[in-house]
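These notes concern the structure reproduced below.
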Amino acid sequence: MCELLHHIEVTNVQNCETFQHPLVLLKGTIDDPCEVAQLKVVSEHQTPVSFCQTIEETDHHEKHRKFRLLLRLQEGKNEIALRCCKAEVRLAYYYIRSNNPHTIIPLYIVCKGHHGRYQSYESDQLNTIENGCRKVTLAIELLQCLYAEKLHEHGFGRKTFTIGTGCVPFYSQLEWSHAASSMGEAELWQYFATELLQAEQYDMTRTKVVAFLSSTHFAGITDGDFSYANIRSKTTGHAALGGGGLALFGTGCLYTWPTTIEGVAEGFLNRQPVDCGQLLDDSNYRRTFGGCYATTLGSVCHEMGHTFDLGHTPDGSIMGDGFDGIEHVFVGRTERYRNGNAVGPRRLVDTKPGGPSGKLTQLKRPGDVFRQHTEAKCNDGIFFAPNSALTLSHHPWFNASPHDGAGASETIQYKIETRVATSYGSPIVLVELRLTANGMMQKYWTFQEAPKPQSSFLLPKLPNLVNQTLFIMNAMGAILKVDLCRME
């Protein structure tokens with residue numbers, strides 16, 4: 001029996017906090033850890049608690065051990081105890097479901113003529129529509145938690161989106177054979193966006209859909225070329241595209257996703273190699289089940305950001321090239337961290353001459369100043385850039401009582417003759433210039449620290465404005481996007 005006097009402390013969440021999302025991430029420390037120390041979670045009412053935990057890698061000489069605990073709350077008050085040997089800390093957390101009428105709806109799309117089973121390894125008998133929906137529901141709940149944590153780190157509180165319902169199947173009228181033979185991701189996105197509007201099943205003015213196409217199929221690598229470009233060329237029914245009211249994804253790596261919260265840490269840390277002769281490897285060249293889980297979930301996080309009107313950012317953020325390391329939010333530091341610094345995933349196989357190609361093949365750039373600052377502060381290296389976080393904090397999908405009044409065209413106006421943007425009834429909080437071709441942010445202005453609210457903004461004379469889109473947001477969450485080329 002251990003005689004050490006451990007001390008357990010939760011460092012990111014206060015006792016008796018209230019959440020508007022059911023999955024909560026607790027980060028903390030155990031002082032004077034012993035060799036046999038295990039953290040246990042016990043309900044004060046002796047009911048089972050759904051959770052998973054990881055102990056972060058630390059030096060054996062350190063006097064404390066860091067842990068991350070992912071916990072599912074029930075509606076109302078949740079009383080739990082964290083125990084380690086003889087140490088115990090009692091905590092209470094409240095989960096109150098958001099009343100935001102703007103919601104996210106996850107769907108599992110089954111094309112006409114397709115059986116609905118996602119592609120998986122040969123011995124997997126559970127790749128059913130029902131299990132696919134369970135995997136997707138859990139994934140969106142994880143991202144709901146992640147968005148809340150990342151906004152909290154920026155000082156905006158744990159604002160996040162509201163999930164309208166758990167994932168359900170959506171039976172499309174699109175013929176499976178046609179989708180597989182001749183449609184790229186942009187065409188698939190356009191078809192399903194139109195079909196959802198015409199179906200009138202959801203109020204698309206207050207609903208954003210995150211959809212997963214069950215019929216994604218990977219033919220397998222037989223020529224020894226494991227480049228991402230070659231992998232994509234052998235994959236049909238694949239998408240990773242978000243914007244407007246729809247984010248659309250393939251299910252080629254759904255075989256790596258867990259169905260329950262208890263399997264999340266194990267899923268991220270799963271080092272089982274991917275057999276690229278049979279299964280899709282979308283892992284940024286990590287070529288493991290855990291790498292596929294992290295990269296594809298990170299891709300969902302990124303593309304959902306576009307549906308929330310976020311542009312790309314030229315950094316290592318979630319809306320930049322930093323989304324494939326999303327596992328660090330939930331499991332902390334792994335071997336991808338060396339001496340406290342993040343490093344890019346290693347390519348485990350050679351590619352043919354010409355090097356990496358495709359959007360997920362670029363290894364991480366050496367740490368820029370802002371990313372290093374964020375890593376030191378948040379200890380996981382995953383973050384939203386300040387302008388992205390500011391946009392989310394005012395967005396209607398992230399506020400419990402969003403403004404439902406006039407549209408942006410009536411609330412915000414821009415006059416090309418004077419280059420002046422004016423917001424009526426609410427101050428401007430953010431102005432961005434984005435490249436029209438790819439949505440990459442070029443420059444932005446914020447007014448949070450201004451001595452007085454700014455109702456107007458004079459766009460400076462800058463070079464190449466005709467290639468850019470002006471993005472303006474006010475405090476009510478109204479947004480105006482102006483293609484400056486079309487204004488000429």
Side-chain angles (χ1 to χ4, degrees), residues 20 98-102 147-161 305 308-315 317-319 369-370 373-374 377-378 383-436 439-466 468-484 486-487:
Q20 292 190 322
S98 169
N99 61 358
N100 192 340
H102 294 85
Y147 270 79
E149 285 301 304
K150 295 307 160 185
L151 284 182
H152 176 71
E153 289 168 5
H154 275 281
F156 294 117
R158 287 188 169 86
K159 290 185 177 183
T160 191
F161 56 85
F308 299 132
D309 299 290
L310 302 184
H312 287 124
T313 51
D315 53 24
S317 74
I318 291 168
M319 299 311 296
V369 174
F370 180 71
H373 169 74
T374 306
K377 177 182 177 183
C378 309
F383 63 96
F384 283 108
N387 55 311
S388 298
L390 183 61
T391 300
L392 294 173
S393 74
H394 289 282
H395 201 278
W397 264 256
F398 284 71
N399 290 280
S401 300
H403 181 260
D404 278 329
S409 61
E410 300 173 22
T411 307
I412 307 173
Q413 293 181 359
Y414 177 74
K415 294 186 177 180
I416 186 65
E417 301 84 3
T418 59
R419 304 192 320 280
V420 173
T422 304
S423 175
Y424 299 94
S426 179
I428 295 173
V429 294
L430 174 69
V431 176
E432 287 184 22
L433 281 173
R434 302 174 180 175
L435 286 180
T436 302
M440 179 64 71
M441 185 273 296
Q442 301 296 292
K443 190 176 182 62
Y444 71 88
W445 298 263
T446 62
F447 307 95
Q448 298 291 90
E449 306 298 327
K452 62 179 182 178
Q454 302 291 302
S455 60
S456 63
F457 172 79
L458 173 64
L459 179 64
K461 289 185 177 180
L462 298 170
N464 300 320
L465 283 178
V466 293
Q468 300 185 43
T469 294
L470 184 65
F471 174 94
I472 310 164
M473 186 179 209
N474 68 19
M476 291 192 303
I479 292 171
L480 180 65
K481 298 176 185 178
V482 181
D483 187 340
L484 296 177
R486 295 182 179 179
M487 297 293 288

- Decide side chain to side chain contact (heavy atoms under 4.5 Å, CB included) for Glu149 and Arg158; before the verdict, give the C-alpha distance in whole Å, the side-chain angles of both, and the deciding distance to 0.1 Å. CA-CA 6 Å; Glu149 285 301 304; Arg158 287 188 169 86; 2.6 Å; yes
Practice item. Indicate yes or no for a side-chain donor-acceptor contact from Gln454 to the backbone of Lys452 under 3.5 Å, with no hydrogens or angles considered. Key: yes
Is there side-chain contact between Gln20 and Thr160, with at least one heavy-atom pair below 4.5 Å?
no
Under 3.5 Å, which donor-acceptor pairs do the side chains of residues 426-435 form with other protein atoms, sequence neighbours left out?
| from | atom 1 | to | atom 2 | distance (Å) |
| --- | --- | --- | --- | --- |
| Ser426 | OG | Ala475 | N | 3.2 |
| Ser426 | OG | Met476 | N | 3.1 |
| Glu432 | OE1 | Arg434 | NE | 2.7 |
| Glu432 | OE1 | Arg434 | NH2 | 3.3 |
| Glu432 | OE2 | Asn387 | ND2 | 3.1 |
| Arg434 | NH1 | Asp309 | O | 3.3 |
| Arg434 | NH2 | Asp309 | O | 2.9 |

Separation between CE (Met441) and CD (Gln468), nearest 0.5 Å, reads 11.0 Å
Sequence neighbours excluded, the answer for side chain to side chain contact (heavy atoms under 4.5 Å, CB included) partners of Pro463 is none
Here the gap from Leu465 atom CG to Leu484 atom CG, rounded to the nearest 0.5 Å, amounts to 6.0 Å
Is a donor on one side and an acceptor on the other found under 3.5 Å between the side chain of Lys159 and the backbone of Ser393? yes
Tightest non-hydrogen contact, residues Ser456 and Val420, listed as CB-CG1, 4.3 Å
Worked verdict on Leu392 versus Phe161 for side chain to side chain contact (heavy atoms under 4.5 Å, CB included): CA-CA 9 Å; Leu392 294 173; Phe161 56 85; over 6 Å; no
When rounded to the nearest 0.5 Å, the distance separating CH2 of Trp445 from CG of Leu458 is 10.0 Å
Decide if the gap between the ring center of Phe398 and the ring center of Tyr147 is smaller than 6.0 angstrom.
yes
On a heavy-atom basis, the closest approach of Ser388 and Leu310 is O-CD2, 3.5 Å
Residues Phe384 and Ala389: closest non-hydrogen pair is CB-N, 4.2 Å
When every non-hydrogen atom of Asn100 is compared with those of Pro396, the smallest separation belongs to ND2-O, 2.9 Å
Nearest heavy-atom approach of Met473 to His394 is CE-C, 3.7 Å
Margin query: I'd like to know if the side chain of His395 and the backbone of Trp397 have a donor-acceptor N/O pair within less than 3.5 Å.
Written below: yes
Derivation of the side chain to side chain contact (heavy atoms under 4.5 Å, CB included) call for Tyr414 and Leu470: CA-CA 9 Å; Tyr414 177 74; Leu470 184 65; 3.6 Å; yes
